Participant: 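One structure coming up, written as structure tokens, with questions to follow.
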Amino acid sequence: MPELPEVETIVRALRDGGRGGEPLPGRQILGARISWERTLAEPKAAQFLARITGQTVRSVERRGKFLLLPLTNDSLLIHLRMSGDLRVDIVQEGAEEENLKPHDRVLIWLQDGLRLAFNDPRKFGRMWLVADSAEVLANLGPEPLSESLTAETFHQRLVSKKRQLKPLLLDQSFLAGMGNIYTDEALHMARLHPLMSSDTLNVEQAEVLLNAIRNVLKEGIRRNGASIDWVYRGGEFQNDFRVYQRTGEACQVCGQIVQRILVGQRGTHFCPTCQPFEGQR
DNA sequence: CACGTCACCTGCGTGC
DNA sequence: TGCACGCAGGTGACGT
């Protein structure tokens, strides 16, 4: 489910309140329960419970598609992968285990009757409780929305590789936060074919691509993310898709039929007219 | 190094 | 209706 805009939407809700929940920062963790052990990347459940209990949430942040919750001593990192979601419930004393939902994998109880639920039907999501978040985030590339990433730097990074554009943009060590939807959308906006070789882009094309990435991400955040199936709630960006899930429909720019191909096992949507494959091969 | 394939999981839509 | 199949917002471990 979640790419950068969906994660950012959840971060804001947990940090500031919203989506029916109260803000987490400043609240102490009273206890936790692990219903699916493999959700914990580290440490093991017993260690996790012992260490997290008593710590206070200091803030809620995002890095790429990771949620970071700095605690009193450690950091709690969460990656939602394909189907993960976070929900804050308010529970009455004595009813701490009531109104659970199918697929709740981890529960964390906090002060003031708050219960943070990690819900994940497909069980791909992961959590880490670590002393230093850098050990988990070490291989992440730059934040696309950070102003410190310039078009020149982005161009250098592109041409330093010789890879197909779409798989490269999905590589989190190249750029942090892009997923299947926003990559297809950004490539269409930039009028670049998903299979183009990254080293063939000139500086102008790199700048157009970076701006397209930023525009689709910002619009996604503004629309509270995309809700395209039964998992995610609240977002509206799905109503603005240019090519994603529009196979066989007319391109909104030129009227050509939107095509779907497989790139690295991922469904890939593009307009053959707006995004011609001029690149070699 | 770049790319293909599979594994990890559950649930939904489609077509027979 | 039942059932097989393909598909899904992600990533990591392999092999070539």
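Not measured: the values here are computed from a predicted model. Numbers restart at 1 for each chain; the letters A, B, ... are given by sequence-line order, proteins then strands.
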Participant: Does a side-chain heavy-atom distance below 4.5 Å link L145(A) with I221(A)?
Facilitator: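 Yes, at least one pair of side-chain atoms sits under 4.5 Å.
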Participant: If only atom types and distance count, is the side chain of R27(A) paired as donor or acceptor with the main-chain N or O of T56(A) below 3.5 Å?
Facilitator: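 Judged by distance alone, no pair lies under 3.5 Å.
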Participant: Might you list the N or O atoms of the protein lying below 3.5 Å from N or O atoms in nucleotides 5-8 of chain B, with each pair's distance?
Facilitator:
| residue | atom | partner | partner atom | Å |
| --- | --- | --- | --- | --- |
| dC8(B) | O3' | R38(A) | NH1 | 3.4 |

Participant: Rounded to whole angstrom units, what separation is found between the CG atom of L262(A) and the P atom of dC3(B)?
Facilitator: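 Atom CG in L262(A) sits about 16 Å away from atom P in dC3(B).
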Participant: Taking the inter-plane angle between the rings of W128(A) and F66(A) on a 0 to 90° scale, is it parallel (under 30°), tilted (30 to 60°) or perpendicular (over 60°)?
Facilitator: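 Tilted.
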Participant: Rounded to the nearest Å, what distance is computed from the CG atom of residue D171(A) to the C1' atom of nucleotide dG4(B)?
Facilitator: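 Rounded to the whole Å, the gap is 15 Å.
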Participant: So, is H103(A) close to the dG11(B) phosphate, meaning a side-chain N or O under 4.0 Å from OP1 or OP2?
Facilitator: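 Result: yes.
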Participant: So, the side chain of Q164(A) versus the backbone of S198(A): is there a donor-acceptor pair under 3.5 Å, distance only?
Facilitator: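 Not confirmed, Q164(A) side chain does not pair with S198(A) backbone.
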Participant: Let me know the distance between NZ of K101(A) and C1' of dT10(B), rounded to the nearest Å.
Facilitator: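 Computing the K101(A):NZ to dT10(B):C1' distance gives 18 Å.
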Participant: Over how many whole Å does the gap from D120(A) atom CG to dG11(B) atom C1' extend?
Facilitator: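 Distance check: D120(A) CG to dG11(B) C1' gives 13 Å.
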Participant: Residues two or more places apart in sequence or in another chain: which of them pass salt bridge (Lys or Arg N to Asp or Glu O under 4.0 Å) with E249(A)?
Facilitator: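 So E249(A) forms a salt bridge (Lys or Arg N to Asp or Glu O under 4.0 Å) with R246(A).
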Participant: Can you check the N139(A) CG to dG10(C) P distance for me, whole Å?
Facilitator: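 For the pair N139(A) CG and dG10(C) P, the rounded distance is 18 Å.
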Participant: For L169(A) and dC3(B), what is the distance between atoms CG and P respectively, to the nearest whole Å?
Facilitator: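 Result: 13 Å.
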Participant: Would you find a donor on one side and an acceptor on the other, under 3.5 Å apart, between the side chain of R157(A) and the backbone of F174(A)?
Facilitator: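 Checking the backbone N and O of F174(A) against the side chain of R157(A), a donor-acceptor pair under 3.5 Å is found.
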Participant: Report yes if a side-chain nitrogen or oxygen of K65(A) is closer than 4.0 Å to either non-bridging phosphate oxygen (OP1 or OP2) of dT11(C); otherwise report no.
Facilitator: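 Answer yes for this pair, as a side-chain N or O of K65(A) is under 4.0 Å from OP1 or OP2.
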Participant: Give Y182(A) one of three labels, base, sugar-phosphate or nothing, depending on what nucleic acid heavy atoms sit under 4.0 Å from its own.
Facilitator: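 Since no nucleic acid heavy atom lies under 4.0 Å of Y182(A), the category is nothing.
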Participant: Can you check whether K123(A) has a side-chain N or O nearer than 4.0 Å to OP1 or OP2 of dT10(B)?
Facilitator: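 Answer yes for this pair, as a side-chain N or O of K123(A) is under 4.0 Å from OP1 or OP2.
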Participant: To the nearest Å, how far apart are R266(A) CZ and dG6(C) P?
Facilitator: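 Atom-to-atom, R266(A) to dG6(C), this comes out as 18 Å.
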Participant: Does CZ in R63(A) sit with more than 12 non-hydrogen atoms of other residues, nucleotides or ligands closer than 6.0 Å?
Facilitator: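 Yes, because the 6.0 Å sphere around CZ of R63(A) holds more than 12 heavy atoms from other groups.
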Participant: In whole angstrom, give the distance that lies between atom CD of Q164(A) and atom C1' of dA2(B).
Facilitator: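 Whole-Å distance recorded here is 9 Å.
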Participant: Of the candidate nucleotides dC9(B), dT10(B), dG10(C), which contains the atom at the shortest distance from the side chain of W36(A)?
Facilitator: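 Comparing dC9(B), dT10(B), dG10(C) against the side chain of W36(A), the answer is dC9(B).
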Participant: Name the residue from M178(A), H269(A), R242(A) that meets the side-chain contact (heavy atoms from CB on, under 4.5 Å) definition with E185(A).
Facilitator: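 Result for side-chain contact (heavy atoms from CB on, under 4.5 Å) with E185(A): R242(A).
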Participant: Answer yes or no: is there a donor N or O on one side and an acceptor on the other, between the side chain of E143(A) and the main chain of G64(A), under 3.5 Å?
Facilitator: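 Yes; judged by distance alone, with no hydrogens or angles, the pair exists.
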Participant: Measuring only the P atom in each nucleotide, how far is dC6(B) from dC5(C)? A whole number of Å is fine.
Facilitator: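 One P to the other, the span is 16 Å.
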Participant: Tell me, which stems hold DNA chain B, with a stem being 3 or more Watson-Crick or G-U pairs in a row and both distances under 3.5 Å?
Facilitator: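 Stem list for DNA chain B: B:2-8 with C:10-16, B:10-16 with C:2-8.
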